[in-house]
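Presented below is the structure to which this report refers.
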Protein chains: 2
Amino acid sequence: MHNNTVDNLIFGCEEDTLEIFLVKHGQGQSRGKWGLPGDWLLEGESLENAAARTLKERTGITDVYLEQLHTFSDVDRYPDERVITTAFFALIRPESYKTIVGETEMEVKWFPINKLPKLIFDHKEIVEKGLEKLKHKVRHEPIGFSLLPKKFTLLQLQNLYEAILETRVDKPNFRRKMKKMQLLVPLEEKQVGVAHRAANLYRFDEKVYRKLKTKGFVFEL
Amino acid sequence: MHNNTVDNLIFGCEEDTLEIFLVKHGQGQSRGKWGLPGDWLLEGESLENAAARTLKERTGITDVYLEQLHTFSDVDRYPDERVITTAFFALIRPESYKTIVGETEMEVKWFPINKLPKLIFDHKEIVEKGLEKLKHKVRHEPIGFSLLPKKFTLLQLQNLYEAILETRVDKPNFRRKMKKMQLLVPLEEKQVGVAHRAANLYRFDEKVYRKLKTKGFVFEL
DNA sequence: TCAAAAGTGTTAACTGTACACCCATGC
DNA sequence: GCATGGGTGTACAGTTAACACTTTTGA
């Protein structure tokens, strides 16, 4: 018999920076230290349920891309007793940032991915595993869109990819590639309040993607 | 507090056919039914340890590609009590087939992937998830080699890919692509006893792959 | 007018794909 | 000789990568 928990690795994107959501523990021996938001697995729920419940309790967010990442089970990963944790990763839009209602007894904060504080237990390892998966997945599936606002410009999209993959890409070629996939719907709407030519806004077309996928289409880069 | 188990999804390849290794349960309410070889997680071991231990106990095999697949936690996936299982997947070579020492009270057998018997619990779901992962992984990482004998011909390799991906590929183009990656070492050795021109044998060069990977090389198809 | 980013066009190099073909071997 | 698979060559189409260029806008 063992103790099982879930931990959520929540990615967000603000100002072309990839960020993750952390909570500062308010009690126990990890008091005052930052870690991933997590909770115990309850009797009547699956790990997936528990992850979604935890996300909702801690942030108020309900409708997101949430996927199982890995189960961490080293015998001594947790002090004193043995705890097995299943990590999930979630991608959320900037619009959701403001919906977050802080916990009563926990401080919560977004951290840029390259400015993380020291984390409790093996949470650093979890973050690294998640980052690796994100980098891989973002190239082979159109999940990057889940980190952007519903309406976005091609440059925002490009910046996001550059932030996640830590590379630079050629603007004209990137635009062409994206447009050719037919997954972006150009909106009758432009950026406002920018000190340069306003860019067209686009949205991701989930339906078209699902349709293409059944025909064997695979998203790449 | 919950019960945790591991289940191993063991892939093999015999005569151009992808197969998985199953055991027939000898006791309990699942007696007489086929399922994945698994066991309880013990106190002093990680899930990875448990999976390797189970593999060794059931087949005698120790040195294989073994990776965590997914953790299955539906509340009613197991009859009577709640059991959470973490599935692993393993790829083994034909040479290892003969090392398998049957259990005293369990019948064991390899099944071609498209001729599986009815499986206990949610093991069918586990197999499907594993197959999906195998199909994906085999295209993006050179793990297919782990299913072949140490020395293999290019046609064997091609047949393997065709079996896993359920497609046909052009022979000349496949050969060229593989050779260009520099991951195959041609051996001073040929097939024997075949009723046609003997093919050259190759082995996979793990070292070169690791070296190339650090330089940003990514295996594709 | 300038800076900043939007957006278009044009090349050359490289890859993927299809298919024609010759080679070696056992029966 | 013929069936079977080993193995090479080639040529076109399509894609990628690099970069020069014009356009629009607010300050």
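Near DNA chain D, meaning a heavy atom under 4.0 Å away, the residues from residues 147-174 of chain A are A:Asp170, A:Pro172, A:Asn173.
No more than 12 heavy atoms of other residues, nucleotides or ligands sit less than 6.0 Å from atom NZ of A:Lys151. More than 12 heavy atoms of other residues, nucleotides or ligands shown are found within 6.0 angstrom of CD on A:Glu141. Within 6.0 Å of atom NZ in A:Lys129, 12 or fewer heavy atoms from other residues, nucleotides or ligands are found, so the atom counts as exposed in its surroundings.
Not a single donor-acceptor pair under 3.5 Å links the side chain of A:Asp205 to the backbone N or O of A:Leu183.
Residues A:Lys190 and B:Ala195 both approach DNA chain D. Their nearest nucleotides, taken by heavy-atom distance, put B:Ala195 toward the 5′ side. Along DNA chain D, the nucleotide nearest to A:Ala198 and the one nearest to A:Lys177 differ in position, and the one closer to the 5' end is contacted by A:Lys177.
Using a 4.0 Å cutoff to heavy atoms of chain A, the contacted part of DNA chain D runs 5' to 3' from D:dT16 to D:dG26. When DNA chain C is scanned in the 5' to 3' direction for atoms under 4.0 Å from non-hydrogen atoms of chain A, the outermost contacting nucleotides are C:dA4 to C:dT10.
Side chains of B:Asp7 and B:Thr85: a donor-acceptor N/O pair is present below 3.5 angstrom, by distance only.
Under the 6.0 Å distance and 45° angle rule, B:Lys109 counts as a cation-pi partner of B:Phe111.
Aromatic ring centroids of A:Phe204 and A:Phe152 lie 6.0 Å or more apart.
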